[in-house]
Amino acid sequence: MASPYSSSSSSSSSCSAFRALRIWSSKDYAIAAFVFLILFSLSLLSHLDSRSRSPSRYDSHSHHSDLVPLTLLRNANHTRALCLDGSAPGYHFRTGFGSGSRNWVIHIEGGGWCNSISSCTQRKFTHLGSSNYMDKLIPFSGILSSDSAQNPDFFNWNKVKVRYCDGASFAGHPESEQRGSGLFFRGQVIWEAVMDELLSIGLSKAKQALLSGCSAGGLATLIHCDNFRQVLPKEATVKCLSDAGFFLDEKDISGNSTMRSFYHDVVQLQGLAKSLNKDCIAKMEPSKCLFPSEIVKNIKTPLFLVHPAYDFWQIRNILVPQGSDPHGQWQSCKLNIRNCNANMIDKLDSYRGSLLRTVNEFQQRKEIGMFINSCFIHCQTEMEVTWHSPHSPKINDKTVAESVGDWYFDREAVKRIDCSSFPCNPTCHNMNYT
Ligand SMILES: *[C@@H]1O[C@H](CO)[C@@H](O)[C@H](O)[C@H]1NC(C)=O
Ligand SMILES: *[C@@H]1O[C@H](CO)[C@@H](O)[C@H](O)[C@H]1NC(C)=O
């Protein structure tokens with residue numbers, strides 16, 4: 001359950017080239033650099049080429065390797081904003097242009113949570129706990145793409161990807177650090193330091209802004225949405241988008257509250273209560289206040305939820321976590337929804353029913369938009385193939401990107417709930433891990 005789930009599935013081949021670079025000996029270095037130059041030129045070329053191609057000739061194999069360098073936070077020691085291992089947190093920034101030069105999209109990386117000293121210590125040695133292990137260049141795609149064909153409404157905005165290295169959705173507090181553990185719990189401090197730095201490089205003059213994030217980053221978006229609104233100019237249009245961040249407080253198939261007890265441990269370990277809504281904390285057990293069903297009740301800023309009804313992360317970790325399926329009957333279903341039998345689809349549909357009942361509470365709120373498709377996937381804003389392309393999932397003939405744009409720019413009210421029961425939507429991009 002505590003597995004540090006990485007959401008970097010959108011990494012392109014260029015990223016793997018970088019990982020390879022690190023382990024090569026110095027004698028191979030020149031060759032590696034040469035190969036990289038070639039790869040980089042090729043990706044630049046394919047990028048330019050795709051711009052001139054008509055959308056109808058688009059294919060899902062063309063990756064727009066829009067590589068963006070990692071920037072480490074200045075003065076991390078001074079502000080006490082540090083990753084789990086004490087290294088400096090970072091972000092990737094690409095400047096906006098044209099009519100987008102005063103608009104900002106800030107996207108928070110996901111990657112699960114750690115709920116114990118040992119799982120956080122494991123995380124220290126990965127990119128989710130230390131900037132020493134982060135790729136120094138990452139591709140910007142989907143909502144972060146600079147290609148208008150792939151990202152029609154936000155392509156020319158300033159774009160930031162905030163790296164996730166605190167293990168607690170940017171909500172941990174140093175008071176909870178344990179002497180001698182060698183772990184830093186600075187999520188909230190990192191959030192504030194990142195905001196300060198972005199404000200200083202132009203965000204303070206924003207006209208329009210969107211805070212987004214996927215998975216644990218989608219949860220961070222919900223936690224910090226109203227604060228984001230607060231630190232931006234009053235006259236700016238500010239909204240939030242949570243992608244696959246709507247984690248449910250549901251029992252697993254064996255009747256255990258696996259997710260609730262997991263969140264309980266995360267909240268306890270890193271002292272998250274201080275970052276959660278005070279009214280909620282006063283009324284109930286703090287770990288319940290980490291669930292989006294509670295957080296969204298108190299959010300005042302306009303919000304959009306992109307969420308798959310068959311979120312594979314939730315199926316694997318909330319509905320059917322390891323211990324709940326001792327005979328491994330769900331093993332192949334968890335890898336590919338097409339392998340699920342009718343009985344399992346029934347269970348998935350009742351999970352979908354719980355999701356819909358929960359979000360239904362927010363249907364009346366005009367400023368809340370939603371796109372809930374009946375697909376087997378996790379994050380859908382970060383990849384071209386799910387965000388916006390001829391092969392992207394649609395509801396009422398609209399892609400995720402078009403739906404988010406319709407809501408952000410008030411082109412229309414967007415409450416798109418997909419057909420019921422798999423496989424009713426043929427446009428789904430369903431994951432297959434077999
Ligand atoms: C913080 O300061 C310590 C001691 O000077 C140093 O070893 C460490 O690398 C610094 N960390 C960062 C993130 O700058
Ligand atoms: C259910 O939870 C209890 C208490 O946390 C645990 O001891 C038990 O192993 C769990 N059962 C399953 C099937 O996961």
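In each ligand, atom 1 is the first atom listed, and ligand 1 is the first ligand listed.
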Looking at Asp166 and Arg186, is there a salt bridge between them, counting it only when a charged N and a carboxylate O are closer than 4.0 Å? no
Ion pair check, Asp406 and Arg411, cut-off under 4.0 Å: yes
Any side-chain to backbone donor/acceptor pair from Thr399 onto His388? Under 3.5 Å, distance only. no
N/O donor-acceptor pair under 3.5 Å between Ser119 side chain and Cys114 backbone: no
How far is atom 14 (O) of ligand 1 from its nearest protein heavy atom, and which residue and atom is that? Asn77 ND2, 3.4 Å
Met134 pairs by side-chain contact (heavy atoms from CB on, under 4.5 Å) with which of Glu109, His92, His127? His127
Within the protein, is there a heavy atom lying under 4.0 Å from atom 4 (C) of ligand 1? no
Is atom 9 (O) of ligand 1 touching the protein, meaning some protein heavy atom lies under 4.0 Å away? no
Provide the number and element of each atom of ligand 1 under 4.0 Å from a heavy atom of Ala88. 13 (C)
Using a strict 4.0 Å cut-off to heavy atoms of Leu82, name the atoms of ligand 1 that fall inside it. 13 (C)
